[in-house]
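Order of the sequence lines fixes the chain letters, A, B, ..., with proteins taken first and strands second; residue numbering starts at 1 for each chain. A quick note: this is a predicted structure, and the numbers were derived from the prediction, not measured.
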Amino acid sequence: MAHSARRDCPELPDFSLLKTLARDHLIYLLEQLPGKKDLFIEPDLMSPLDRIANVSILKQHEVDKLYKVEYKPVISTSDQLCFLIRPRLQTVKWICDVANADKAAGKCRRYKIIFTPKKFYSCDAVLEEQGIIGDVTTDEWSFYLLPLDDDIISLELPEFFRDNFLAGDQRWVKTAGSALHLIHSLYGPFTKIYGIGRCSKMAYESWREQVAEGEQRAQKAEIGKVFLIDRDVDFVTPLCSQVVYEGLVDDIFRIKCGCVEFGPEVTSSDKSMKVMLNSRDKVFNEIRNEHFSNVFGFLSQKARNLQTAYDKRRGMDIKQMKTFVSEEFKGLKQEHRLLSLHIGASESIMKQKTKQDFQELLKTEHSLLEGFEIRESISFIEEHINRRVSMLESLRLLCLLSITENGLLPKDFRSLKTQFLQSYGVDHLLTFANLRQLGLLVEQQPGEMLTVMESKVGKLVNDKTAGKLTDAFSSLARKSHFRALSRKLNLVPRSDEEYDLRVPRDMAYIFSGAYVPLSCKLVEQVLDRDGWTGLEEVTKLLNGHEFAVTGNKGADSKAKSDAQRIVLVMFLGGCTFSEISALRFLGREKGFRFIVVTTAITNSSRILESLLDNHV
Amino acid sequence: MMKSKADEEEYWNSSKYKAFTFDDEDDEFSRLKESKQAVNSIRRLVEEDDDEEDVEKISWSGEPVGSISWSVNETAASNQRTDREPAFPKINTDTSTTSKSQSGYSLSSLFKGKTKGGNFQQFTDSLTDSSLRLYAPELRKPKSEYKDYISDWSPEETVQRMQHGKVVSLEKFRSLQDKLLLLDFSVSANDGNVITAVLIYLKRTLSKEVLFRELQSRQTALRHLICYLRESRDHRLLQELFRALGRTEDEALLKYKEHLSIADENKRRDFLKTCLSLPFSPEDLALVQDHYTLLERQIIIEATDRQAERGGKLPTKTMPILNMSLITTLYYCCFYHYSEAKNTFSSPLNVRQTFKVSRGGVTARNWLGFTKKKSPLSFQRVVDVLQKNSAPTQVLQDYVALVDDAELRITLAQKHKCHDIVINTYRDLKDRQQLLVYRGKVETGSAEERRIDELLTNQQIRWKN
């Protein structure tokens, strides 16, 4: 709304092709299994599948009944069962059990497993162990990318985060490479690729190999530049409370595959309602990137305009009225509906946030980011834990404290851990082990002070600390050097200056002017410098693994085309709506258009939930 | 690729070489299966087979992405083909040499002699040309001959083929050296799927001792094995692995985690008791001990309360207690056993003392048994919590009185109708005017009104107004 956008931002490519391709491939696979069949779908594939194909398409291809994979005995009577699943051993094992149970009962059926996006060797090993190779046929549905909006594409692989960063399992690296390859073959060729992080590097290599083996059609590039970033380069950003509208909606109502379910408290009726949230919702599109404090004003202005438009019909004669009803009325009604939904959502957000002292919570977060009043922040967190306000929020604050402070003092660590376990259950010992392994919540090691000194001097620090951590936990945990990074990149604007959230001056507006998201700042800096030159100290603090490469042909001749200002940013391990808002802002400022490709949309709750281990 | 697949099917169904498909009715395949083991047999030979003219495309069309690209070619009208697009340089993904290489990835160094030739070129060459051109047509040959060929592949080539999802035989890699080469090549290819496949083979063909020993110096592979064992729920082997590596904490936690799958609370308690001998750190051991003691206590309380409930001595319970956290348990005890003597198991005070709750500052939530009236929580919050849980007025009053800030105390006291506190605070502030105002708010003829009147006529107080 109030942004002074540059007019020359290039147009985005049309990603609906990705959906068509995925759908066509699925249809092809279903046709490979002629005759009536029942289809079992993995629960987390249902929403993505909804975006691609609908039930009637499935029915057209002789899918009789649809079931959710629930690890229960199958009640289907069909003689052909088709399973659409992620390559997970547990699911494959269940299918084996189904097949073996049928065998024992003397039931004869055909089974087909469609893995998406690909099958793993370990799945085949299970099939063999269970003795049902030969009874079951397998296939792969190359469904790599789901466009969630004009500028957001998701791999819909939330487990990428835990598998890759916590467990250190590289099973998805090639998938990331293949996804990038798909985009490259449709919208490339890319001219320049930047990246940071171990996984980014590996994904780049996988992509490069696939490109080298394949062929590229001659086409005009629609995407020129690519930036790959690992989630563990920046944990601070996704752990902060989101305060732009779309992020808030995600934090509170959970947006799933571009769709949100608003409960009765929002719809002000007795029913819940599922709403698609994307740029086609005109009201949403105008407020999604706004700081929440602006949203109410905007919505009430909008409501007044709507009233005026409705009021026009007063004093109209029959003919005018007819035109009004046929031309404007539908649009107005639509707008009315959307407006009341978003007003309802905003009210509900306000209600929830005031209930849990959101202001105080934000104040604590900001103190942590600035590194001021740490003792007060710790007391606040203790209180939060002891009152059992919210387990995930408590954990989130603990992690923020640890990352920004480079680990907790042993005394604090022990006391907070004990309090947490007393409040939320000792089972969370396992959660704490995970958080430590990932480096999200750690105890400062004796002698750490020395390393802090060293980080100022530069040198040595990486070899030493990285080595120390891997030795200690044999994990992938990386040291956070948040303070130093924050100083070098000026991530925390001076707090004595006024920050007008209506007219944001930098990306910090997404966190009320308190913090520029590190991930997006890196994108900005690298694009400005066309590489990492001059950022050596920063990359050192980020544990290295940065790269910037150019294709060796035709880079110069194409350098001026629009495609060079279309930048694909790929987040390996997930990105938040706030980061997307920040990039949209950056794009408007600099005349770029950003396309965000992410393994999944994430937020603090999703990240932390994936690390909880207090369940079977 | 879709098209070629359809062709394949036709081909297989009409030829005598069906042996290599995965079709269920296939007898020959099942025989092949018996002679091979999991990892080896799972490759899709079918992908090798294509029309002669398509041979060059094979390495590409084996890929899932390829299939989509293929259909793009179908859907999109323009089907022009040109030579390869800008070849991007290979970068070093070796993760063990983190810091050494980091500055080396700046622009200039990446292009050094890597644009053409070098590893990259070699790799493509070997892949697109020699190996495939050489072997692909041979796949049509009878099984016996075909086998000779696959056994000729080196560990490196084998890994490359696996990366492309092609058929391989790992059986021939029998020497430890070969097995480790296979593993190391798969690790340097960064493909977790292949690493795991090799590990499954190694796990089957090497003794645990040797496998564990070799993995000690191969952290990436080790992580993949741990992941695989977790996913396939082979906790026994994982346990042994942790022990062999000296990762005692991981070992203890893994064992401890098993309690989550024990539904019966008595069995769970007994299991937790056995956890006390696990190699936890001293701090964690204390916490696990608490866990055990707490569950033991919860079981006793639950049994007693159920009985009391049946006998009508307790109201029907709505709160569960089994497997709840310590704080929730304390809540429970305060709710149902508020006034119990200290020596009963369910007395809040007893629970609090057994688990030394006060050290963390949780005391504030419990309105019993404060010795020192000091809390890390602001008392304002305590009041809040108490009120939400409908604590008795007297208790509320005690806590409101503890709020330091006079203004805040008055606001809270007014909100919760703790008249005495309001009155006392105004008295202490010597605020006659406010006291007069407040007199209007209390009921006429009440004890509060009388107290205010007493104070207002008290000559001892030096009012400030």
For this session: Heavy-atom distances under 4.5 Å only: say whether A:Tyr194 touches chain B with side chain, backbone, both or neither.
Result: neither

Exercise. Where on A:Asn614 is there a heavy atom nearer than 4.5 Å to chain B: the side chain, the backbone, both, or neither?
Worked result: backbone

Problem set entry | chain A contact via B:Arg233 - side chain, backbone, both or neither, heavy atoms under 4.5 Å | side chain

For this session: Identify which part of B:Glu258 has an atom lying under 4.5 Å from any heavy atom of chain A, answering side chain, backbone, both or neither.
Result: neither

Looking only at atom types and distance, does a side-chain atom of [X] sit under 3.5 Å from a main-chain N or O of [Y], one as donor and one as acceptor?
X        : Y        : result
A:Glu205 : B:Ile91  : yes
A:Lys174 : B:Gln163 : yes
A:Tyr121 : B:Met162 : yes
A:Gln90  : B:Glu231 : no
B:His291 : A:Asp427 : no

Problem set entry | Check ion pair B:Asp284-A:Lys417 (N to O, under 4.0 angstrom) | yes

Exercise. Just how far is it from atom CD of A:Gln170 to atom NE2 of B:His224, taken to the nearest 0.5 Å?
Worked result: 4.5 Å

Exercise. How far does CG of A:Asp169 sit from CD1 of B:Ile226, to the nearest 0.5 angstrom?
Worked result: 11.0 Å

